[in-house]
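Computation of the quantities below employed the complete heavy-atom set of this structure, encompassing side-chain atoms and omitting hydrogens, waters and symmetry-equivalent molecules. By convention here, the first residue in the shown sequence is residue 1.
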Amino acid sequence: KNDLGLPKKSKLKAELHNLLIYEKGDFFKPHQDTEKLDNMVATLVIILPSNHEGGELIINHCGEKKIFQSNDPKLNKLLCIAFYADCYHEVKEITSGHRVSLTYNLILENYNGNLQNLYEPNFNSRLEVAFKNYFTNDHVNVNKNSWEDIKPKKIVCLLDHQYTQKGLSWNNLKNTDQVRVEAILNIANRFDLDAYLALADMHETWECEFNDNDYYNRRRYRNKEDDAGETEGAPVYIIDSSIMLRHWLDKNGNAVEYKDFTPSNCEICSTSDNAGFKPYESEYEGWMGNYGNTLDRWYHRAAIVLWRKQDNLPIRFEIDQDGLMKEVFESTNSEHNLLKTREILSCIAPYWQNYAKNHKEKEDIVHILNLALYINDNKLSLQLLTIYNISIFNLETLTLWHSLIKRYGNKWCLSVLELLTTTKEWHYDKAGTIIDNFVNFIQELSNNTECSDIGQWLINYQLEQIFLKHKN
């Protein structure tokens with residue numbers, strides 16, 4: 001009990017779980033023990049004296065590895081090994097003889113505290129401080145000139161076990177995952193955070209040790225979960241890694257239709273890497289002259305994802321821009337949705353440039369002009385449109401511009417034109433664009449006598465751009 005660091009006043013009770021007899025060829029893959037009983041904190045393995053070869057017990061915890069040999073023929077006493085339930089451990093293959101062991105579940109009694117504190121002292125208080133600092137302290141002295149700088153904060157906490165889509169739920173979390181998630185959810189409620197559970201599909205690419213034979217063989221191997229292990233060069237260091245979040249569940253366990261999403265590396269935290277996990281798929285590519293000698297591995301893990309409730313719309317916009325904007329565009333079919341649409345657009349306005357730079361086809365522009373007309377809001381409509389350039393003024397959109405000018409006025413339109421032709425950070429090419437089919441465009445525009453000052457502004461702009469083009 002003392003070696004495990006358990007409280008002095010507590011009592012540790014051992015309950016027999018199994019008698020295991022390993023024969024030649026038997027082994028046990030890396031795994032974590034499930035907590036089979038309430039307050040189970042550890043596992044006790046007692047290896048009985050027996051003649052055998054192989055069968056080493058290997059325990060991994062937080063990057064530290066311990067190997068216990070039990071095949072010493074001179075060993076004539078019991079070998080007792082205890083470890084916390086969240087430790088990864090395996091038994092290597094028996095090459096001869098029989099390995100006999102007893103396994104016990106170690107139950108903690110006379111302890112009313114949080115079991116998580118046994119694994120990590122002051123876990124709850126340290127976690128609360130970390131979340132408070134992360135979500136309430138904005139970065140200072142940061143030049144917010146990119147999407148990464150201005151996007152709302154979220155955090156992706158990787159769990160310590162592997163899961164499948166079918167087995168992932170709030171109630172089926174394993175071992176310390178359950179305890180940690182409960183602590184995180186309590187803090188999330190305190191800080192008004194939204195929390196989601198998601199599968200985290202992880203992909204790692206490793207540089208491997210160079211093998212002269214690889215250059216001549218130039219081999220590629222792909223292993224599935226049940227195939228034999230990787231047989232090629234040992235991985236040396238990670239070249240690249242990524243995480244894809246899929247199959248989202250809200251706090252009530254309901255599936256949420258969010259798109260598969262790749263978070264930034266700076267948003268990801270974990271207490272363990274993938275060293276203790278078995279990849280469900282791996283692919284080795286031998287040396288190909290100027291590339292190759294790499295090992296790709298894929299893992300199924302899970303994560304709890306959190307963000308402030310006030311940032312729900314911007315986060316949704318980041319995860320699934322097209323999905324949210326589809327809802328917005330469809331809402332314009334009814335005047336009853338006006339206030340809700342304005343609310344959504346106001347929340348995502350600071351991040352609009354990230355959407356605009358990827359949605360500038362003719363169909364996109366028509367949707368956005370119609371949206372600007374629908375919301376009947378001078379300032380908000382200005383924010384929607386001025387991220388683009390003057391090419392959104394053309395014959396195909398002229399009817400919509402007539403409606404916009406009628407609704408918002410000439411002064412508003414001139415402000416739009418000034419901003420459309422001003423180069424700013426984040427904006428793609430704005431200045432230096434010549435309006436296509438300009439003569440026909442001006443003729444159509446001049447049919448509306450109220451637009452004469454706008455027409456004159458456009459003529460002056462066009463002449464200026466033509467002059468600059470020929471000058472250069």
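- Ionic pairing of K92 and E56 is not present here: no N-O contact between side-chain nitrogen and carboxylate oxygen is shorter than 4.0 angstrom.
- Atom CG of L197 is separated from atom CG of N172 by 10.5 Å, given to the nearest 0.5 angstrom.
- A pairwise comparison of heavy atoms in I392 and L385 identifies CD1-O, 4.1 Å as the closest pair.
- Partner of R301 under the side chain to side chain contact (heavy atoms under 4.5 Å, CB included) criterion, chosen from D201, L159, D160: D160.
- The line from CD1 of I81 to CG of L57 is 4.5 Å long, rounded to the nearest 0.5 Å.
- Remark: I315 CD1 to Q310 CD distance equals 10.5 Å, nearest 0.5 Å.
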Discussion item. If you apply the rule side-chain contact (heavy atoms from CB on, under 4.5 Å), what do you find for Y88 with I58, and how did you get there?
Written reply: CA-CA 8 Å; Y88 281 91; I58 301 176; over 6 Å; no
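- The aromatic rings of W298 and H203 sit parallel, their planes meeting at an angle under 30°, below the 60° perpendicular limit.
- Looking at R190 and I187, their side chains come closer than 4.5 Å, going by heavy atoms from C-beta outward.
- For the atom pair Y104 OH and C80 SG, the distance stands at 9.0 Å (nearest 0.5 Å).
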Item to complete: Walk me through it: do M202 and L158 pass the test side-chain contact (heavy atoms from CB on, under 4.5 Å)?
Response: CA-CA 10 Å; M202 303 187 67; L158 290 175; 4.0 Å; yes
Discussion item. Let's go through Q321 and N354 carefully: what are the C-alpha distance in whole Å and the side-chain angles of both, what is the deciding distance for side chain to side chain donor-acceptor pair (under 3.5 Å) to 0.1 Å, and is it a yes or a no?
Written reply: CA-CA 9 Å; Q321 292 182 352; N354 191 256; 2.7 Å; yes
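- A 4.5 Å side-chain heavy-atom check between K340 and S331 finds every atom pair outside the cut-off.
- In terms of modelled atom types and a separation under 3.5 Å, the side chain of N370 and the main chain of V366 share a donor-acceptor contact.
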Discussion item. Side chain to side chain donor-acceptor pair (under 3.5 Å), that's the test. Do H367 and T332 meet it? Break it down for me.
Written reply: CA-CA 10 Å; H367 282 312; T332 61; over 6 Å; no
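- Separation of atoms CG (N60) and NZ (K66) is listed at 11.5 Å; rounding is to 0.5 Å.
- Nearest heavy-atom pair, A14 versus L106, reported as atom, atom and distance to 0.1 Å: CB-CD2, 3.7 Å.
- With contacts defined as side-chain heavy-atom distances shorter than 4.5 Å, the pair F27/E90 does not qualify.
- Although no hydrogens or angles enter the test, the distance criterion places a donor-acceptor pair under 3.5 Å between the side chain of W352 and the main chain of L384.
- The shortest distance between side-chain heavy atoms of V100 and L19 falls below 4.5 Å.
- For the ring-ring contact (aromatic ring centres under 6.0 Å, His included) with W307, the qualifying choice from F317, Y196, F135, Y134 is Y196, the only one to do so.
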Worksheet item: ring-ring contact (aromatic ring centres under 6.0 Å, His included) between H52 and Y22: does it pass, once the steps are laid out?
Response: CA-CA 9 Å; H52 66 276; Y22 290 80; 9.1 Å; no
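- Side-chain atoms of D250 come within 3.5 Å of backbone N or O of N254 as a donor-acceptor pair.
- Counting only heavy atoms from C-beta outward, the side chains of L245 and Y258 never approach each other to under 4.5 Å.
- Without hydrogens or angle criteria, R297 side chain to P279 main chain gives no donor-acceptor distance under 3.5 Å.
- In this structure the side chain of Y163 reaches within 4.5 angstrom of the side chain of D177, judged on heavy atoms.
- Judged purely by atom type and a 3.5 angstrom limit, S264 has no side-chain atom pairing as donor or acceptor with the backbone of E267.
- In this structure, I59 and F68 approach most closely via the heavy-atom pair CD1-CE1, 3.7 Å.
- Residues V91 and R99 are in side-chain contact: their nearest non-hydrogen atoms beyond the backbone lie under 4.5 Å apart.
- In this structure, L193 and K309 approach most closely via the heavy-atom pair O-CE, 3.8 Å.
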Item to complete: Would you please test I184 and L306 for side-chain contact (heavy atoms from CB on, under 4.5 Å) and show each step?
Response: CA-CA 9 Å; I184 290 172; L306 303 105; 3.8 Å; yes
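- Here the closest non-hydrogen pair linking K251 and N189 is NZ-OD1, 3.1 Å.
- For the atom pair CD1 of I368 and OG of S381, the computed distance is 12.5 Å after rounding to the nearest 0.5 Å.
- Judged purely by distance below 3.5 Å, without hydrogens or angles, the side chains of N389 and S391 pair a donor atom with an acceptor atom.
- For L249 against W170, the heavy-atom pair with the smallest separation is O-CZ2, 4.1 Å.
- Side-chain contact between F191 and R308 is absent, with no heavy-atom pair separated by less than 4.5 Å.
- Put simply, the side chain of Y355 never gets that close to the backbone of D322: no donor and acceptor are under 3.5 Å apart.
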Practice prompt. Output, in order, the C-alpha distance, side-chain angles, deciding distance and verdict of side-chain contact (heavy atoms from CB on, under 4.5 Å) for L173 and R180.
Written response: CA-CA 10 Å; L173 298 177; R180 285 184 178 136; over 6 Å; no
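- The closest donor-acceptor contact from the side chain of T95 to the backbone of E53 lies under 3.5 Å.
- Of the possible polar contacts, none joining the D194 side chain to the N312 backbone as a donor-acceptor pair under 3.5 Å is found.
- At distances below 3.5 Å, at least one donor-acceptor pair connects side-chain atoms of R342 with backbone N or O atoms of N376.
- Remark: the backbone N or O of E330 is paired with a side-chain donor or acceptor of N333 at under 3.5 angstrom.
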